[in-house]
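Below is one structure, written out as structure tokens; comments come after it.
The figures here come from the full heavy-atom set of this structure, side chains too, leaving out hydrogens, waters and symmetry mates.
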Amino acid sequence: MNLHYIQRRQFLKISGLSSISLLLGGCGTQAFEDIVGPLSEPLNRKVGELIFQPQKPVPEFALSQVKPEELIINTFRNTPIIDPDKYRLIIDGEVNNPLSLSLAEIQNLPRKSMIIRHVCVEGWAAIVQWGGVCLREIIALAEPQANVQFAYFKSADGYYESWDIASALHPQTLLAYEKNGEILPVENGAPLRLASPVKLGYKQSKWVTRISLLSSLSPFKGYWEDQGYDWFAGL
């Protein structure tokens, strides 16, 4: 059977990798994570990349299915205070055209709206309408060099994340500035946050201030990944 015809969840269930990821996601002991994490992470990453279809849209939901109360607010540290008028998004790294964009400049780019399921590793999910700009639009403006394979995200609260470039370029990966038809609330990541149906919630950084496009993966992969969580974290 062609692997592309196997649903990701089905494949992970068959392979047993979903159990490993769950264990590394907070249910196992720290000692077990220290041993198994470094061994299984490259395998998880390769499997995730193998079965991920980077340009295939994920089915969306109807507006009537949105339930705002189900989106739980998780905080990493204190909510940062960002002046939208002074905000700048920096895009740097291995690019030919480094950028420093204001929120107004970002909002002038083509807007996309989508209704998707936000899935948290803690076991809850919520259907949310996000509005913003496709991340690939901004990446294209920065003119990444041919060897770029990863996107690093830094947030105003100190949170940090990294994605494979294929997931960052997925047509439904947004830098969102709206939630459920209104301006994105500060507690949900305003002025700008990641929103995507192809990654678990902890990959979807809030208060994003910098995106670095690079050819190699840093030893510091992400706040939770550096504590044992799965790096690819795809859905």
Sub-4.5 Å side-chain heavy-atom contact between [X] and [Y]:
{"X": "N96", "Y": "Q145", "result": "yes"}
{"X": "I211", "Y": "L89", "result": "yes"}
{"X": "L71", "Y": "K179", "result": "yes"}
{"X": "L174", "Y": "L194", "result": "no"}
{"X": "E178", "Y": "Q107", "result": "no"}

Distance from [X] atom [atom1] to [Y] atom [atom2], nearest 0.5 Å?
{"X": "D226", "Y": "S218", "atom1": "CG", "atom2": "OG", "result": "8.0 Å"}
{"X": "E94", "Y": "S215", "atom1": "CD", "atom2": "OG", "result": "3.5 Å"}
{"X": "R88", "Y": "L101", "atom1": "CZ", "atom2": "CG", "result": "7.0 Å"}
{"X": "D92", "Y": "N97", "atom1": "CG", "atom2": "CG", "result": "12.0 Å"}

Looking at every non-hydrogen atom in both residues, tell me the closest pair between [X] and [Y] and how far apart they are.
{"X": "I82", "Y": "A190", "result": "CD1-O, 4.2 Å"}
{"X": "S113", "Y": "Q129", "result": "OG-NE2, 3.3 Å"}
{"X": "P171", "Y": "K112", "result": "O-CE, 3.3 Å"}
{"X": "I90", "Y": "S100", "result": "CD1-OG, 3.5 Å"}

With side chain to side chain contact (heavy atoms under 4.5 Å, CB included) as the test, would you mind laying out the steps for V128 and V66 before giving the verdict? CA-CA 6 Å; V128 186; V66 173; 5.7 Å; no

Could you tell me whether a side-chain N or O of [X] sits under 3.5 Å from a main-chain N or O of [Y], the two making a donor and an acceptor?
{"X": "K199", "Y": "F232", "result": "yes"}
{"X": "S155", "Y": "D157", "result": "no"}
{"X": "R210", "Y": "K154", "result": "no"}
{"X": "E60", "Y": "I115", "result": "yes"}
{"X": "Q204", "Y": "R193", "result": "no"}

Taking E225 first and then K203, would you say they form a salt bridge - that is, a charged N and a carboxylate O separated by under 4.0 Å? yes

Validation: residues 131-144 side-chain donor-acceptor distances under 3.5 Å, sequence neighbours left out:
unit_1 : atom_1 : unit_2 : atom_2 : d
R136   : NH1    : Q55    : OE1    : 3.1

Ring pair (Phe, Tyr, Trp, His ring centres under 6.0 Å): pairs with one or both residues in residues 192-217, sequence neighbours excluded: Y202-Y229

Keeping to residues at least two apart or across chains, list the ring pair (Phe, Tyr, Trp, His ring centres under 6.0 Å) pairs with something in residues 87-135. H118-W124

Let me see the working for T79 and V186 under side chain to side chain contact (heavy atoms under 4.5 Å, CB included), right down to the final yes or no. CA-CA 8 Å; T79 300; V186 173; 3.4 Å; yes

Quick one: list whatever passes side-chain contact (heavy atoms from CB on, under 4.5 Å) with S196, sequence neighbours left out. W163, T173, V198

Please enumerate all residues that pass side-chain contact (heavy atoms from CB on, under 4.5 Å) together with D83, with sequence neighbours excluded. D85, K86

So, is the end of the K221 side chain (NZ or CZ) under 6.0 Å from the ring centre of Y160 and within 45° of the ring's axis? no

Please answer: with hydrophobic residues joined when any side-chain heavy atoms are less than 4.5 Å apart, are [X] and [Y] in the same cluster?
{"X": "L213", "Y": "L109", "result": "yes"}
{"X": "L200", "Y": "F61", "result": "no"}
{"X": "M114", "Y": "L169", "result": "no"}
{"X": "F153", "Y": "V148", "result": "yes"}
{"X": "L184", "Y": "L192", "result": "no"}

Classify the ring geometry between Y159 and Y223 as parallel (under 30°), tilted (30 to 60°) or perpendicular (over 60°). tilted

Report, as yes or no, whether the 6.0 Å neighbourhood of atom CD1 on I183 holds more than 12 heavy atoms from other residues, nucleotides or ligands. no

Return yes when atom CG of N147 has more than 12 non-hydrogen atoms of other residues, nucleotides or ligands closer than 6.0 Å, and no otherwise. yes

Listed partners of Y152 passing ring-ring contact (aromatic ring centres under 6.0 Å, His included), at least two apart: none

